[in-house]
Amino acid sequence: MVAVALVCLAMMNTQQWKPVQGGLMTRWAKDVRADAPHSEYPRPSLVRTEWKSLNGLWDYAIAPSTTKAMPQSDGKILVPFPVESALSGVKKPLTPDETLWYRRTFEVPKGWGKHVLLHFDAVDWRAEVWLNGQRLGSHQGGYDQFTFDVSTALHEGENELLVAVQDPTDTGTQPRGKQVLHPEGIWYTAVSGIWQDVWMEPVGDAYIKGLTADGDPSTGRVKLQVDADSFAPSDTLVVSSL
């Protein structure tokens, strides 16, 4: 019965989304699935066995930038495709005086422990995030990843995640490519909103955030730099090299 329910849910999600017709499509567009877009592990250089993707269908709304809370949903958007893209299922522009709102619910897998991180691999351009009504913080920058410690904001059962995004595109001074509000000639369509993976993972009291490898061909040696963090100032992370 559980398997049947999951299949029915996946079919419902697929029916709620389809690419917007009329744009250029690559040969991979037909393989995009609403129930599992970008389903591969998002950080191949530092794999953990436990993680949860939050990609998929979210509620969305486009509202004036003066709006302080998510209004009634305009429909579904497929994350992580920008709102201007056909694969998002929306293909609408986001102007500098508007806010793009996202909403979805999720449950945390059992046995994850007390420390959970929420990762956004890229949101263009300014993002503000709330979890269960608690403001987690904000981030500016359309190309870099940012992370929130959501340990204290989570609770058992259903959790609600809200994201509000604003993007000045070519009216601002932020770093950007050739995206403009009115594309023509060599200029591209704007890219706004969540356009890279959203995912969660549990970590221990002390954990590794990233690794940087620097190879020296003349000696055949590799220098490995470990970026580590800890939830308790007294914790000591010991790294040994071979």
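Worth knowing before you read on, the calculation uses all heavy atoms, side chains too, and leaves out hydrogens, waters and symmetry mates.
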> Can you name the nearest heavy-atom pair linking Arg104 to Asn55, along with the distance?
Replying inline: NH1-O, 3.7 Å

> Are the side chain of Gln174 and the backbone N or O of Thr169 linked by a donor-acceptor pair below 3.5 Å?
Replying inline: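 Flag set: sc Gln174 to bb Thr169 pair under 3.5 Å.
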
>> Pair Phe81, His38 - check side-chain contact (heavy atoms from CB on, under 4.5 Å), show working.
In response: CA-CA 10 Å; Phe81 298 101; His38 290 200; 4.2 Å; yes

> Can any side-chain N or O of Tyr102 pair as donor or acceptor with the backbone N or O of Ile194 at less than 3.5 Å?
Replying inline: yes

> Would you say the side-chain atoms of Thr99 and Gln166 include a donor-acceptor pair closer than 3.5 Å?
Replying inline: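 Yes, Gln166 and Thr99 have a side-chain donor paired with an acceptor closer than 3.5 Å.
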
>> Side chains of Trp125 and Arg176, heavy atoms from C-beta outward: is any pair under 4.5 Å?
In response: no

> Roughly how far, to the nearest 0.5 Å, is the CD atom of Glu201 from the OG1 atom of Thr49?
Replying inline: 10.0 Å

> Does Asp229 use its side chain to pair, donor to acceptor, with the backbone of Ala206 at less than 3.5 Å?
Replying inline: no

> Will you find, in the side chains of Asp205 and His115, an N or O donor that is under 3.5 Å from an N or O acceptor?
Replying inline: yes

> Between NZ of Lys92 and CG of Leu100, what distance do you get to the nearest 0.5 Å?
Replying inline: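 Output value for this atom pair is 10.5 Å.
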
> Can you check whether Lys76's main-chain N or O pairs, donor with acceptor, with Asp59's side chain at less than 3.5 Å?
Replying inline: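 Not confirmed, Asp59 side chain does not pair with Lys76 backbone.
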
>> Determine whether a donor-acceptor pair (N or O, by modelled atom type, separation under 3.5 Å) exists between the side chain of Gln179 and the backbone of Gly177.
In response: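 Yes, the answer is positive, given that a donor and an acceptor are paired below the 3.5 Å cut-off.
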
>> Nearest 0.5 angstrom please: Ser230 OG to Lys209 NZ, how far?
In response: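 These two atoms lie 11.5 Å from each other.
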
> Any donor-acceptor pair under 3.5 Å linking the side chain of Glu84 with the backbone of Ser192?
Replying inline: yes

>> Pair Lys114, Phe231 - check side-chain contact (heavy atoms from CB on, under 4.5 Å), show working.
In response: CA-CA 11 Å; Lys114 61 182 180 178; Phe231 286 95; over 6 Å; no

>> Is there a side-chain contact between Leu118 and Phe120 in this structure, where contact means two heavy atoms from C-beta onward sitting under 4.5 Å apart?
In response: yes

>> With a 4.5 Å cut-off on side-chain heavy-atom distances among I, L, V, M, F, W and Y, is there a chain of contacts connecting Val108 to Leu54?
In response: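 Yes, because Val108 and Leu54 connect within a single hydrophobic cluster, where side-chain heavy atoms sit under 4.5 Å apart.
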
> Does the side-chain contact (heavy atoms from CB on, under 4.5 Å) test come out yes or no for Ile208 and Asp227, once each step is laid out?
Replying inline: CA-CA 6 Å; Ile208 296 175; Asp227 182 11; 6.0 Å; no

> Just wondering, do Gln140 and Phe146 contact through their side chains at under 4.5 Å, heavy atoms?
Replying inline: no

>> When you group the ILVMFWY residues by side-chain heavy-atom contacts below 4.5 Å and let the links chain together, are Leu131 and Val79 in the same group?
In response: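 Val79 and Leu131: one cluster.
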
>> Whether the side chain of Asn132 engages the backbone of Asn159 through a donor-acceptor N/O pair (distance < 3.5 Å, no angle test) should be reported.
In response: no

> Is there side-chain contact between Asp170 and Trp187, with at least one heavy-atom pair below 4.5 Å?
Replying inline: no

>> Could you report the tightest heavy-atom contact between Ile62 and Pro93, atom names first, then the distance?
In response: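 For Ile62 and Pro93, the tightest heavy-atom pair comes out as CD1-O, 4.1 Å.
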
>> With a 4.5 Å cut-off on side-chain heavy atoms, are Glu50 and Pro109 touching?
In response: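 No - every pair of side-chain heavy atoms lies 4.5 Å or more apart.
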
> Same cluster or not: are Tyr60 and Leu161 linked, directly or through other Ile, Leu, Val, Met, Phe, Trp or Tyr residues, by side-chain heavy atoms under 4.5 angstrom apart?
Replying inline: yes

> For His155, does the NE2 atom have more than 12 heavy-atom neighbours from other residues, nucleotides or ligands under 6.0 Å away?
Replying inline: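 Above 12, so yes.
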
> In terms of the angle between their ring planes, are Trp195 and Tyr143 parallel, tilted or perpendicular, with boundaries placed at 30° and 60°?
Replying inline: perpendicular

>> Rounded to the nearest 0.5 Å, what separates atom CZ in Arg221 from atom CG in Asp214?
In response: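 Result: 13.5 Å between the selected atoms.
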
> What distance do Phe106 atom CZ and Glu160 atom CD have between them, rounded to the nearest 0.5 Å?
Replying inline: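 One finds 10.0 Å between CZ of Phe106 and CD of Glu160.
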
> Backbone N or O of Asp167 within a donor-acceptor pair of the Asp124 side chain at under 3.5 Å?
Replying inline: no

> Linking I/L/V/M/F/W/Y whenever their side-chain heavy atoms sit closer than 4.5 Å, directly or via other members, would Phe148 and Val198 fall into one cluster?
Replying inline: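 Yes.
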
> Can you tell me if Lys91 uses its side chain to pair, donor with acceptor, with the backbone of Ser88 under 3.5 Å?
Replying inline: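 No; zero donor-acceptor contacts below 3.5 Å.
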
> Can you name the closest pair of heavy atoms from Met200 and Trp112 and give their distance?
Replying inline: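 Met200 and Trp112 have their closest heavy atoms at O-CH2, 3.8 Å.
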
> Can you find a pair of side-chain heavy atoms, one from His119 and one from Asp197, that are under 4.5 Å apart?
Replying inline: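 No - every pair of side-chain heavy atoms lies 4.5 Å or more apart.
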
> With a cut-off of 6.0 Å (strictly less than), are more than 12 heavy atoms of other residues, nucleotides or ligands near CD of Gln72?
Replying inline: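 Not buried by this count: 12 neighbours or fewer within 6.0 Å.
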
> Closest approach of Val165 and Leu94, non-hydrogen atoms and distance?
Replying inline: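 Where Val165 meets Leu94 most closely, the heavy atoms are O-CD2, 4.1 Å.
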
>> Please find the pair of heavy atoms, one from Thr67 and one from Trp101, that lie closest to each other, and give the distance.
In response: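 In this case the closest contact between Thr67 and Trp101 is O-CZ2, 3.6 Å.
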
> What distance separates Met70 CE from Asp74 CG, expressed to the nearest 0.5 Å?
Replying inline: 7.5 Å

> Where is the tightest heavy-atom contact between Asp121 and Pro42, given as atom of each residue plus distance?
Replying inline: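 Reported closest heavy-atom pair: OD2-CB, 3.8 Å.
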
> Okay, side chain of Trp17, backbone of Leu87: is any donor-acceptor separation there less than 3.5 Å?
Replying inline: yes

>> Quick one, Pro19 and Val32 - any side-chain contact, counting heavy atoms below 4.5 Å?
In response: no

> Quick one: side-chain hydrogen bond (donor to acceptor under 3.5 Å, both in side chains) partners of Tyr41, sequence neighbours excluded?
Replying inline: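 With sequence neighbours excluded, Tyr41 shows a side-chain hydrogen bond (donor to acceptor under 3.5 Å, both in side chains) to Arg43, given in chain and number order.
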
> If two hydrophobic side chains count as joined below 4.5 Å and joins carry through other members, does Leu78 share a cluster with Trp28?
Replying inline: no

> Got Val123 and His139 here, is their nearest side-chain heavy-atom distance under 4.5 Å?
Replying inline: no

>> Could you walk me through whether Val163 and Trp58 satisfy the side-chain contact (heavy atoms from CB on, under 4.5 Å) test, starting with their C-alpha distance in whole Å, then the side-chain angles of each, then the deciding distance to 0.1 Å, before giving a yes or no?
In response: CA-CA 10 Å; Val163 182; Trp58 294 47; 4.1 Å; yes

